[in-house]
Amino acid sequence: MSKQKPSLPKGTRDFGPAEMNKRHFILETIKKVYQKYGYAPIETPAMENLSVLQGKYGDEGDQLLFKILNSGDFLSKTEKTDLNSSKDLLPKIAEKGLRYDLTVPFARFVVMNQHNLSFPFKRYQIQPVWRADKPQKGRYREFYQCDADAIGTDSLLCEAEIVLMIKEVFTLLQAKKANSLDYSIKINNRKILSGLVEAIGQKGKETDFAVAIDKLDKIGIDKVKEELSSKGFDQAAIDKLDPVFAISGNNREKLQAVKSVLQSSEVGLKGTNELEEVLNILDSFGMEVPELELDITLARGLSYYTGAIFEVKPNNVKMGSISGGGRYDGLTDNFGLPNVSGVGISFGVDRIYDVLEELDLYPDNNITSTKVLITAFDQDSWNYGLKVLSSLRNAEIKSEIYPEPVKIKKQMKYANDKQIPFVIVIGSEEIKSGKLALKNMQEGTQEMLSTDEIINFLK
RNA sequence: GUGAUCGUAGUUCAGUUGGUUAGAACGCCUGAUUGUGGUUCAGGAGGUCGUGGGUUCGAGUCCCAUCUUUCACCCCA
């Protein structure tokens with residue numbers, strides 16, 4: 001018998017108590033904001049039928065889906081010739097997959113429950129998703145997304161509220177003011193991108209255009225032009241983009257500049273009008289959002305977006321986007337429910353965790369642990385301690401008793417390791433007098449108090 | 001998917017041109033302290049050097065494969 005060392009699948013992690021406390025802080029913050037804006041919680045299964053997932057995320061996305069092998073004798077349904085190609089084999093041996101994001105399962109949920117839902121339907125959903133990616137900085141194979149989506153309305157109020165929610169979440173997360181997260185909420189509209197492609201006479205090449213222009217801040221204008229050229233955009237068309245690359249100023253000024261480039265494109269102008277309306281609504285709220293930045297080059301990879309798109313980028317930490325979203329018109333169409341538009345946002349908890357960790361932004365007293373530990377010298381004291389414990393818990397004081405009356409030193413060490421601030425020591429003298437020793441672990445001081453006095457003190 | 005990179009005690013890491021019994025710090029356990037943690041002091045336990053092959057009289061060290069880590073590209077939260 002050889003003992004095997006346990007290990008985790010690539011790109012997955014365990015979380016200890018200290019990490020979970022911080023993660024809960026993030027999750028609770030996001031949840032609080034979602035609820036405040038009228039979103040209701042739902043959950044969907046970890047696995048979906050592959051037919052639901054495939055074809056929604058683009059070719060790259062399909063490759064990153066985790067597939068689940070069919071149960072039983074899965075080979076019995078295959079032919080010898082299927083073994084020649086993974087493409088032929090796959091659908092015969094796997095019909096389920098792990099969810100890749102929360103938006104597509106949500107669209108499925110909406111279609112399946114359309115007759116029970118009241119539209120517009122606003123839901124939030126906080127669950128893990130899985131991607132068969134190669135792990136690297138800020139990239140895991142299992143990670144949590146926190147989505148809020150509003151479906152069944154075209155109102156641009158939803159877009160505006162998304163901006164407000166993003167701002168509120170990141171304001172609340174920065175409980176510790178010593179450092180701060182410098183971030184931008186980037187916004188754009190897929191219709192503007194489509195309009196640009198149309199305006200330069202390259203209609204049909206939207207995807208290549210989006211992929212290339214999205215890299216602008218990373219690789220620069222020249223490289224983007226090179227990439228466009230290599231994707232078959234002719235030089236005259238590329239040159240027409242120069243005014244776009246030159247756009248600067250505040251959000252309103254940028255919008256005006258884009259409009260002039262898009263004069264010939266109906267869809268492009270629709271995009272700029274939508275963005276303008278979002279800015280107007282934000283003004284009506286009377287909220288200043290200096291983090292909001294119109295970025296004509298923002299594209300985002302997911303292929304289902306059709307209107308506004310969002311992305312939140314940290315500026316003082318090297319990390320990809322920590323939040324993203326946008327409007328999608330055709331997602332429920334895939335499942336037989338046309339003409340339903342949705343818009344949503346997703347926070348990437350794992351990346352936000354890494355960013356807050358790097359900037360040391362967690363509040364100091366984030367630990368919700370035991371407040372008092374009862375220790376006992378012998379069995380009689382321990383039995384007495386159970387009554388005390390019961391009283392403490394009835395008074396809603398987080399408390400525990402060391403499970404056995406072992407050496408007091410060991411019990412003390414346990415309290416110390418677990419950072420329990422108070423310890424009650426019970427021995428024969430304490431039982432006799434009814435006054436228990438309450439030790440303050442931080443000060444090292446100790447006083448004799450009755451159980452009631454202890455409860456009043458700790459409450 | 002492409003290209004690099006890492007792996008030695010619970011943890012972070014040393015380990016010479018290949019050469020006896022693989023070290024340190026921190027942590028852990030025991031005691032100094034039979035009614036008290038965190039400090040101090042003394043002692044102790046703990047490693048088939050990621051895994052599997054190969055070269056060699058001899059491999060932690062060299063070669064190959066594989067898994068894992070980290071990172072860039074592609075793409076993405």
Side-chain angles (χ1 to χ4, degrees), chain A residues 2-13 16 26 30 57-65 86 99-103 126-147 207 210-212 214-215 218-219 223 227 299-303 310-314 318-326 344-355 373-378 381 402 405-431 436-446 448:
Chain A
S2 66
K3 274 183 258 175
Q4 65 162 25
K5 278 186 191 166
S7 61
L8 282 172
K10 193 193 283 199
T12 66
R13 301 148 299 157
I26 300 172
I30 295 169
Y57 308 107
D59 289 343
E60 294 269 355
D62 277 358
Q63 292 190 331
L64 297 180
L65 286 175
S86 310
R99 73 167 99 77
Y100 178 93
D101 72 354
L102 300 178
T103 309
I126 298 177
Q127 289 189 273
V129 303
W130 295 268
R131 295 183 187 177
D133 224 341
K134 215 171 194 178
Q136 56 183 274
K137 189 178 173 73
R139 176 174 299 190
Y140 307 99
R141 290 183 134 181
E142 177 185 62
F143 60 97
Y144 268 72
Q145 289 195 330
C146 308
D147 277 35
T207 305
V211 169
D214 198 38
K215 297 178 194 161
K218 204 166 176 183
I219 62 177
K223 293 269 181 188
E227 180 160 338
R300 294 187 52 73
L302 294 178
S303 50
F310 306 96
E311 197 157 284
V312 179
K313 276 220 65 173
K318 201 171 165 241
M319 177 66 78
S321 61
I322 50 182
S323 184
I345 184 71
S346 178
F347 290 92
V349 185
D350 303 80
R351 285 189 176 175
I352 292 173
Y353 178 98
D354 289 347
V355 166
L373 175 77
I374 299 173
T375 63
F377 279 104
D378 50 45
S381 312
Y402 198 87
V406 295
K407 262 190 287 192
I408 213 76
K409 185 171 179 161
K410 181 151 186 169
Q411 303 185 47
M412 281 287 177
K413 186 169 159 42
Y414 174 82
N416 193 61
D417 290 345
K418 208 169 163 181
Q419 293 183 47
I420 298 174
F422 294 97
V423 170
I424 292 171
V425 186
I426 303 177
S428 53
E429 290 171 30
E430 281 80 2
I431 295 179
L436 312 180
L438 179 68
K439 177 162 186 173
N440 179 323
M441 292 297 278
Q442 202 169 357
E443 307 294 329
T445 55
Q446 189 169 315
M448 305 303 290

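Below, chain A is the first sequence line, B the second, and so on; all start at residue 1. Side-chain atoms are counted along with the backbone in the values below, which use heavy atoms only and exclude waters and symmetry mates. Given the structure is predicted, the values throughout are model-derived calculations rather than measurements.
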Seminar exercise, completed: Taken to the nearest 0.5 Å, the spacing of A/Thr375 OG1 from A/Ile424 CD1 works out to 8.5 Å
Exercise. So how far is it from A/Glu227 CD to A/Ile219 CD1, rounded to the nearest 0.5 Å?
Worked result: 5.5 Å
For this session: Could you check A/Trp130 against A/Arg141 for side chain to side chain contact (heavy atoms under 4.5 Å, CB included), going step by step and ending with a plain yes or no?
Result: CA-CA 5 Å; A/Trp130 295 268; A/Arg141 290 183 134 181; 5.9 Å; no
Exercise. Who pairs with A/Ala210 by side chain to side chain contact (heavy atoms under 4.5 Å, CB included), at least two apart in sequence or on another chain?
Worked result: A/Ala299
Exercise. Expressed in whole Å, how much space separates the P atoms belonging to B/A65 and B/C73?
Worked result: 26 Å
Exercise. For the side chain of A/Lys215, counting heavy atoms from C-beta on, which of B/U68, B/C75, B/U36 is nearest?
Worked result: B/C75
Exercise. With no hydrogens and no angle check, is any side-chain donor or acceptor of A/Gln411 less than 3.5 Å from a backbone partner on A/Pro405?
Worked result: no
Exercise. Tell me: CD1 of A/Ile352 to C1' of B/A77, nearest whole Å?
Worked result: 9 Å
For this session: Look only at the side chain of A/Gln63 and the backbone of A/Glu60, and say whether a donor-acceptor pair between them is shorter than 3.5 Å.
Result: no
Problem set entry | Rounded distance (Å) that lies between atom C1' of B/A77 and atom CD1 of A/Ile26 | 13 Å
Exercise. If the P atom of B/A59 is compared with that of B/G37, how far apart are they to the nearest Å?
Worked result: 49 Å
Exercise. For A/Gln136 and B/C71, is the shortest distance between a side-chain N/O and OP1 or OP2 below 4.0 Å?
Worked result: no
Set out, line by line, the N/O atom pairs under 3.5 Å between protein and nucleotides 29-34 of chain B.
from  : atom 1 : to       : atom 2 : distance (Å)
B/G31 : OP1    : A/Lys407 : NZ     : 3.0
B/G31 : OP2    : A/Lys407 : NZ     : 3.1

Problem set entry | Euclidean distance for C1', B/U51 against B/U69 (whole angstrom) | 15 Å
Problem set entry | From A/Phe143 atom CZ to A/Asp133 atom CG, the distance as rounded to the nearest 0.5 Å | 8.5 Å
Exercise. Has A/Phe143 got its ring stacked on B/A77, by the test of a centre gap below 5.5 Å and a plane angle below 30°?
Worked result: yes
Exercise. NZ of A/Lys134 versus C1' of B/U2: gap in Å, rounded?
Worked result: 7 Å
For this session: Inspect the surroundings of CG in A/Asp417 and state if more than 12 heavy atoms from other residues, nucleotides or ligands are less than 6.0 Å away.
Result: yes
Seminar exercise, completed: Separation of B/U36 atom C1' from A/Ile374 atom CD1, nearest Å, is 16 Å
For this session: Identify which nucleotide among B/C76, B/U68, B/G37 has an atom closest to any side-chain atom of A/Lys439, counting heavy atoms from C-beta outward.
Result: B/G37
Seminar exercise, completed: Here the distance between atom C1' of B/A77 and atom OH of A/Tyr57, to the nearest Å, is 13 Å
For this session: Take the protein atom NZ of A/Lys137 and the nucleotide atom P of B/C73, then report the distance between them rounded to whole Å.
Result: 13 Å
Exercise. Of all the choices, B/C75, B/G38, B/G35, which nucleotide is nearest to the side chain of A/Asn416 once you look at every atom?
Worked result: B/G38
Problem set entry | Protein-nucleotide distance (A/Leu64, atom CG; B/C75, atom P), rounded to Å | 12 Å
For this session: Check if the side chain of A/Arg300 and the base of B/C76 share a donor-acceptor pair of N or O atoms closer than 3.5 Å.
Result: no
For this session: Return yes if a side-chain donor-acceptor contact under 3.5 Å exists between A/Ser428 and A/Asp378, otherwise no.
Result: no
For this session: Give one of base, sugar-phosphate or nothing for A/Arg131, where a contact means two heavy atoms less than 4.0 Å apart.
Result: base
Exercise. Between B/C71, B/C74, B/U36, which one does the side chain of A/Lys218 approach most closely?
Worked result: B/C74
Problem set entry | Spacing of A/Ile322 atom CD1 and A/Ser346 atom OG [to the nearest 0.5 Å] | 11.5 Å
Exercise. Which range-with-range stems can be found for RNA chain B when each stem has 3 or more Watson-Crick or G-U pairs in a row and both distances sit under 3.5 Å?
Worked result: B:1-4 with B:70-73, B:10-13 with B:23-26, B:28-32 with B:40-44, B:50-54 with B:62-66
Exercise. Tell me: CG of A/Asp354 to C1' of B/U70, nearest whole Å?
Worked result: 13 Å
Seminar exercise, completed: Sorted by position of nearest nucleotide on RNA chain B, 5' first, the leading residue of A/Ser321 and A/Leu8 is A/Leu8
For this session: Would you check if the side chain of A/Ser321 reaches a backbone N or O of A/Val312 as a donor-acceptor pair within less than 3.5 Å?
Result: no
For this session: Would you indicate what A/Ser7 reaches in the nucleic acid, counting non-hydrogen atoms under 4.0 angstrom: base, sugar-phosphate, or nothing?
Result: nothing
